There are 2 protein chains.
Amino acid sequence: MIKENYTINSAELEKKTEWFIGKCREKGLKVTPQRLAIYRELMKTDEHPSAEMMYNKLRQDYPGISLDTVNRTLITLHEMGAANIVEGSGDSKRYDCNMDEHQHFKCIKCKKIYDFHHKPFDDIKLPPNINKKFKILRKTVYLEGICDICLEENE
Amino acid sequence: MIKENYTINSAELEKKTEWFIGKCREKGLKVTPQRLAIYRELMKTDEHPSAEMMYNKLRQDYPGISLDTVNRTLITLHEMGAANIVEGSGDSKRYDCNMDEHQHFKCIKCKKIYDFHHKPFDDIKLPPNINKKFKILRKTVYLEGICDICLEENE
DNA sequence: GTACTATATAGGAGTAAATCCTATTTGTCA
DNA sequence: TGACAAATAGGATTTACTCCTATATAGTAC
Ligand SMILES: [Mn+2]
Ligand SMILES: [Mn+2]
Ligand SMILES: [Zn+2]
Ligand SMILES: [Zn+2]
């Protein structure tokens, strides 16, 4: 139910990298080292990092990379359908390239975002007439509260 | 289903103002003109305004009010249980003092937030063991897409 | 009503996140 | 291999708060 200690294996990483390269070509987007690095870095984590978190990680291997490029590229990933912006209330944008159906719990104290998957949440039916008025692009069930670690800290 | 053209009637406005004053006293918070004005202004709208939007509206009647007070007070309202911060992905915080069960649709183009109420969404059951690990404080179903007005504009 | 005090406010400074600008570089394709 | 549109770096700017502090005021005690 609640997913933990995620690490992608290298076969999967390469497979998705190939998929990503194909997707770039398909959309007429250049396959730059920065884009690849950002996408691959995002695949390696389940921490739903912000642009700043990604920037700090990436500059270890790519000292010249700019924060603007990280920001721009994360939005590009989103527009390509290669990543999601995680829902939340306030705070900085957080990114996720796990496109499998799943849901999020966000701790309002430490701001960690935890993955979980509850099948019934995938299948909730939209109100019958809402499609007549709006074009629905995304439907999410989102939980907020205090995580186990923060609960423990408070005694 | 989708709610529109909301205006609170003055009886309701006064009733909720009384409730708010009671709530302030109960929590030992002073009933200042600014607090009252901000709460009352928020009650009059279903636009889910940001602090900035509230500030611009309020300074018409309270020329001296400060943006910091608006921001602080909106957070106070949230902490008192008199308002919610609307969920969303990115963008500035948006506030809502309609505490009746309802859901939101947000247009990713114009950023408008529309209320709707779909009873089945009130009743979705949490995954069975999630309470063992996390303290769940909020559960929301949230829709995103393009609103009718923005759809029309695109031809 | 007057005095006291903790709380709240105004206004400005400071900060964090994201976006914009522009000269330079680079991936793609002919 | 060269041309060019697209992308990047790095700095400036904007946006959305948050912090600071002197002043004002709501609540209470007399
Ligand atoms: Mn996720
Ligand atoms: Mn609402
Ligand atoms: Zn936590
Ligand atoms: Zn719209």
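This one's a predicted model, so the numbers in the text were calculated from it and none came from an experiment. A, B, ... follow the sequence lines: proteins, then strands. Residue 1 opens every chain.
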Rounded interatomic separation in angstrom, taking CG from B:Leu58 and P from C:dT9: 12 Å

Within the 4.0 Å limit for protein heavy atoms, which parts of nucleotides 13-21 of chain D are touched? Write it as a string from 5' to 3', B for base, S for sugar-phosphate only, - for none. ---SSBBB-

A:Arg59 atom CZ is separated from D:dT8 atom C1', nearest whole Å, by 15 Å

For A:Arg25 and A:Val31, the nearest pair of non-hydrogen atoms, with its separation, is NH1-CG2, 3.6 Å

Taking the six-membered ring for Trp, are the ring centroids of A:Phe134 and B:Phe105 within less than 6.0 Å of each other? yes

Are OP1 or OP2 of D:dA9 and a side-chain N or O of A:Gln34 less than 4.0 angstrom apart? yes

Could you tell me whether B:Lys44 atom NZ has more than 12 heavy atoms of other residues or ligands within 6.0 Å of it? yes

When rounded to whole Å, the OH to P distance for the pair B:Tyr62 and C:dG11 reads 16 Å

Does the B:Arg94 side chain pair with the main chain of B:Lys111, one donor and one acceptor, at a distance under 3.5 Å? yes

Can you see which heavy atom on B:Cys97 is nearest to which on B:Ala82, and at what distance? CB-O, 3.2 Å

Can you give each donor-acceptor pair under 3.5 Å made by side-chain atoms of residues 113-124 of chain B, sequence neighbours left out, with the distance rounded to 0.1 Å?
from, atom 1, to, atom 2, distance (Å)
B:Asp115, OD1, B:His48, NE2, 2.9
B:Asp115, OD1, B:His102, NE2, 3.0
B:Asp115, OD1, B:His104, NE2, 3.1
B:His117, NE2, B:Glu101, O, 3.4
B:His117, NE2, B:Asp122, OD1, 3.3
B:His117, NE2, B:Asp122, OD2, 2.6
B:Asp122, OD1, B:Gln103, NE2, 2.8

Expressed as a whole number of angstroms, how long is the span from A:Leu74:CG to D:dT8:P? 11 Å

Any carboxylate oxygen within less than 4.0 angstrom of a Lys/Arg side-chain nitrogen, looking at A:Asp91 and A:Lys106? yes

Looking at A:Glu14 and A:Arg40, is any side-chain nitrogen of the basic one under 4.0 Å from a carboxylate oxygen of the acidic one? yes

Just the table, please: protein N/O against nucleotides 23-26 of chain D N/O, every pair under 3.5 Å.
from, atom 1, to, atom 2, distance (Å)
D:dA26, N3, B:Lys30, NZ, 3.3

Separation of C:dT26 P from A:Arg35 CZ (nearest whole Å): 15 Å

So, is B:Ser66 near the phosphate of C:dT9, with a side-chain N or O under 4.0 Å from OP1 or OP2? no

